[in-house]
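Reading through the structure tokens given below for one structure.
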Amino acid sequence: MRNPLIKRIPRELKTEWHKYLVIILFMVLMIGVISGMYVGHDSMLAAIHAGWEKLKLEDGSFELSHKASQELLSDIGSGEKADVRAYLIEKGQKEADKEVAKQIDESLRDTVTKAIGEGVRAQCQALGITDEALISEQIDAAMQEGFDAAYEEARAAEEFKDAEKEAYEKAHEEVTKKVDEKWGETVDRYDLDNADFVPQRVRIFEHFYREEAEDYNKDGTEDATVRIYMSNSDIDQASFNEGRMPQKENEIAIDRMHAENVGIKIGDTIRIGERDFQVVGLLSYVNYLTLHESNTDLMFDAFGFDVAMVTPEGFRSLRTRVHYSYAFQYEKKPEGKEQLADASENLLKALITQTLVYDNEIEDYLPEYLRQASNFAVSDIEGDLTSTGILCYILIAVIAFIFAITISNTIDKEASVIGTLRASGYSRTEMVVHYMSMPVIVTLLGALIGNVLGYTTFRDVAVNLYYQSYSLPACSTVWSNVALVKTTLIPLTLMFCINLYVIIRKLQISPLRFLRHDLKKTKKSRAMRLPRWSFLRRFRLRILLQNMPNYLILIFGVIFIELMLCFAFGIPDSLDHYADSAEDMILSEYQYMLMDSTDADGEIITTSEKSAEPFCMTSLLFPKETGGFRTGMGSGGDESVSVYGLRKDSAYAPLGEKTGEDGVYLSSAFCKKFSLTKGDVITLHEEYENKSYTFRVKGSIEYDGGIAAFMDEESFRKVFDKKEDEFSGFFSHHRITDIDEQLIATVITKEDIVKVTNQLTHSIGGALEVFKYVLIVLAAALIYLLAKIIIERNEHSISMAKILGFLNGEISSLYILPTAMIVVLFSLISFGVGFCLMIWIFRVFVLQMDGYFSFFMSPSSMILSILYLLIGYTGVSLIDFFRIKRIPLDVALKNIE
Amino acid sequence: MSENFLQIKDLTKSFGSGQARQEVLRGMDFTVKKGEFCVLLGPSGSGKSTLLNIIGGIDTPDGGYVSINGDKLEEMNERQLTLYRRKHLGYVFQMYNLIPNLNVKENIEVGAYLSDKPLDVEEVLTTLGLSEHKYKYPNQLSGGQQQRVSIGRAVVKNPDILMCDEPTGALDYKTSKEILALIEDCNKKFGTTVIMVTHNEAIKYMADHVIKLRDGVVRHNDLNTEKLTALELEW
């Protein structure tokens, strides 16, 4: 026979549907959203990883100034270094030979001419001819007649041959000497003599592109720069989110994200350069998941930059210069970052030397593992879920507690029944199982619906969030074990354990005590004495004291609600605040990073800008101790630190004193992010070399824009083995106009900081707005549940108060007012707690990311977050008032029924 | 009737400590035979409910013992006590303690579920005159009807002992007699041993065995030679 108690469960669900509906809704929303995020996250990563194979992602690329010959490509492909020295000597000697031959020839001709002239003049003098005109005539005639023979005779002379040989030898020596001098520098610069060099064989693909002006609204002004590739490329292919590949000369497919941002649709005609193209497809290039125009760009720009695909005919019809870009794939791709770094270094050596010997020039070289456009999104997607998970567990714990309290109240209410059942022979285990069934069923139901929604609707929401930020390929849903564990198994276990603990604890007492309604573990010897207040005030206080455990849960709930509201209001505020304080986020109005401190002629780069101040900089890594939060691009989970070498009296980040070789000042962001203070010791290490540096923190410099360390330039150069005049760039208050743009790697200005927040706001702003309202609804639902528990628990007393003649208004003031006082008081305190918790959570979150971002809430948001709670509670009080009104008089008179 | 089916020996029980200590049972001795209708009679505070609870295995004595069929309750652990209650006892309380969201039939099934040899639920419903109410919920029934359900829940287990704690305490005269008649029927029909706690002197006339308690001791331990039926009782 099946246990008849099971039949209670559907009935309980039916009669208390609104309570369970709210709880299930909670669970569905939380589990659904988190599960959706995980599934979306896993699906997206799976699609990206699959795309790497399917769409043939490069392992790196290089651009040459001229189209490469097949021989050059084949030699680069071999991975071998060219013998540049021999080439240079041979080339130099050839040039020298030409020069020497020319000079010898000129000199010999002069000598012969002079000898003939002098001979004729001597003969004329002997004959007594003095007429200069006649002499000249005789010389010309002699030259015409005898020059060639005399020239040949002179050339054949042994003396001449010796001199000629000597001249050539001397010239060759000179060439060799000069090449060796120059070669030394080149070798040093590119570490060409490294004994660890291993040839890295690669397959090379033509991947030419043109950059054109895009005028999508055809108003005659350039709206964006578009980088155009041919549709027949064998490498770095695209997946189509919508539409198809271009097939006609006037057809084009453009990046989906850019199209979405600027409002281009399939079928639109856009002007590229000087001709019109019809948009037939929206694509995502495997190597452009984010639209970074240049690898040194701080942030991608999906508004002002676009990538596109046209047919080869379409490509030829364009007018701007072709960028001779070549992509490569290793024949045997090294695994691991360090190995990749070594391989790309080795290939670079081959590339430098081979292009040199083929008289070509490298314009750009970028190994894929360093490529922002293909790694930024992946790295960002990989590490953004932990904090959401934590938030989910906190909420599940709150719901579990609400459940536990609800069940605990039910047990109190059903004490006689439980006592009777236990006295009749029902075991404690059977009772525990019975009272556990409801939370388990509701959680399972929530988890089931949540997961279904997670794999469908919410997955789409999450994927769309990624699509709003990045140019990602189309993805299909993949099964996520992590999602199952984190959104279903952990919440179920959490719910199960909390409820099991409360129920077991509650059912510990004997059947007899249940029958006697003697349910308190400890008995108070006497009631607390209250001050001589009015009766109603004392009554209220008694209610408050009697319901203390429920109020504690309410307070816990209010704290959680405030935490959610701080999250909802704080994130957009923090983004705005970051943008508003952009000026404090940069060390100088203009920060120029140079490619090198010298120009092509080896001259130190200088500027006439008065405010310009040179600085040295290198990037190192600071190990994070937070564990495997993130394994993103290049960072290996460690924080990237910019180490600056500054003048002692720098106008941009004054150090005040010499730091010495073992001392550094840290940026305020660095100190705050890792809780570092003066006197702490930090160890920074190189990313691709097994080399580390230990420094003692000498203080901090007010700079929230980045994780940076500062040293005086002298110490910097010693520590990092830099030459005395070597530097990395300039700080400047004004734009520097007298440095060739080719020499500038990047310029960081306030706009770059604002660009970051604008992109973030664009990417997540809409979702945050939705999130804010979801949280507000959740907050109202939570407070509804908690207030309901308090009224339910006091149903008997309320009914009795009604029998005694208290009016509904009086009863409401007795039972609602204490709750209102608690809510008002604790909304203020909870705001403080929620705010602090949010700062902590934010810190944990920021620790997973590179860089620093502080939590900020504007005063108006602070007030609103409290006000929203109170408005929500006012609504709930109204419901409570009607709830009290509906409690019948016979509750107090009847038996359990 | 077998001898000494239920044996109570030197049973003591007190509550509180120090000056507040109150001895509720002070060395109680008696035996009950199988199939006997035994009434524990006494005023409030005489210890009858405490005694019933100890016999029912939901309370423990300070001294002495209770043995059923030779098995001493004091030697049983919690699990064995639960099994003892499950297999041998049926409980009827003054307050009916029905499960509010189960209907009449289901409330009776709650008892049947516990038993290895339950009676037919429909038959019990008919016996108790509840057939037409079997799909009603407890709050749709009168007090007497609810107590019938409570008896049904206890009887359907086909227990060896039916423990009744003031089963008519909350009922009117007429309904009380009906309830007593039902308990009497069960006793006769199924041979169930009945131990009924009451302060109603009139009920003693329908019992086989009357034990009068006062101040925690047995004052009278009498066997009725001539019994009245429940319906013949007057008070």
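A note on names: the letters A, B, ... follow the listed sequences, proteins ahead of strands, and every chain is numbered from 1.
- Counting heavy atoms from C-beta on, the side chains of B:Tyr96 and A:Thr420 never come closer than 4.5 Å.
- For the atom pair CZ (A:Arg11) and CG (B:Asn103), the distance works out to 5.5 Å, reported to the nearest 0.5 Å.
- To the nearest 0.5 angstrom, A:Lys14 atom NZ is 11.5 Å from B:Asn101 atom CG.
- A:Val417 places none of its side-chain heavy atoms less than 4.5 Å from the side chain of B:Leu98.
- Across A:Gly425 and B:Arg86, no two heavy atoms sit closer than the pair O-NH1, 3.2 Å.
- Side-chain contact between A:Arg428 and B:Arg79: absent, with no pair of heavy atoms (C-beta onward) separated by less than 4.5 Å.
- One distance of note links CG of B:Leu102 with CD1 of A:Ile6; it measures 11.0 Å at 0.5 Å rounding.
- When heavy atoms are compared at a cutoff of 4.5 Å, B:Tyr84 does not approach chain A at all.
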B:Asn53 vs A:Arg516, test: side chain to side chain contact (heavy atoms under 4.5 Å, CB included). Steps then yes/no.
CA-CA 12 Å; B:Asn53 291 336; A:Arg516 289 177 181 154; 4.1 Å; yes

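- When all heavy atoms of B:Arg85 and A:Pro511 are compared, the pair lying nearest together is NH2-CG, 3.9 Å.
- By the 6.0 Å contact criterion, CZ on B:Phe15 is enclosed, its count of non-hydrogen atoms from other residues, nucleotides or ligands being greater than 12.
- A 6.0 Å sphere centred on NE2 of B:His199 holds no more than 12 heavy atoms belonging to other residues, nucleotides or ligands.
- With a threshold of 4.5 angstrom between heavy atoms, A:Glu12 approaches chain B through its backbone and through its side chain.
- Neither the backbone nor the side chain of A:Ile418 comes within contact range of chain B, judged by heavy atoms closer than 4.5 Å.
- Atom-to-atom distance recorded for B:Asp59:CG and A:Ser510:OG is 7.0 Å, nearest 0.5 angstrom.
- Here the side chain of B:Tyr113 pairs no donor or acceptor atom with the backbone of A:Leu5 at under 3.5 angstrom.
- Look at B:Glu109 and A:Arg8 and you find no salt bridge, because none of the NZ, NE, NH1 or NH2 atoms lies under 4.0 Å from a carboxylate O.
- With a threshold of 4.5 angstrom between heavy atoms, B:Ala154 does not approach chain A through any atom at all.
- Of all heavy-atom pairs between A:Arg422 and B:Thr82, the closest is NH1-OG1, 4.0 Å.
- Closest non-hydrogen pair, B:Ile58 versus A:Leu512, comes out as O-CB, 3.5 Å.
- B:Leu114 places none of its side-chain heavy atoms less than 4.5 Å from the side chain of A:Leu421.
- A 4.5 Å side-chain heavy-atom check between A:Ser424 and B:Lys157 finds at least one atom pair inside the cut-off.
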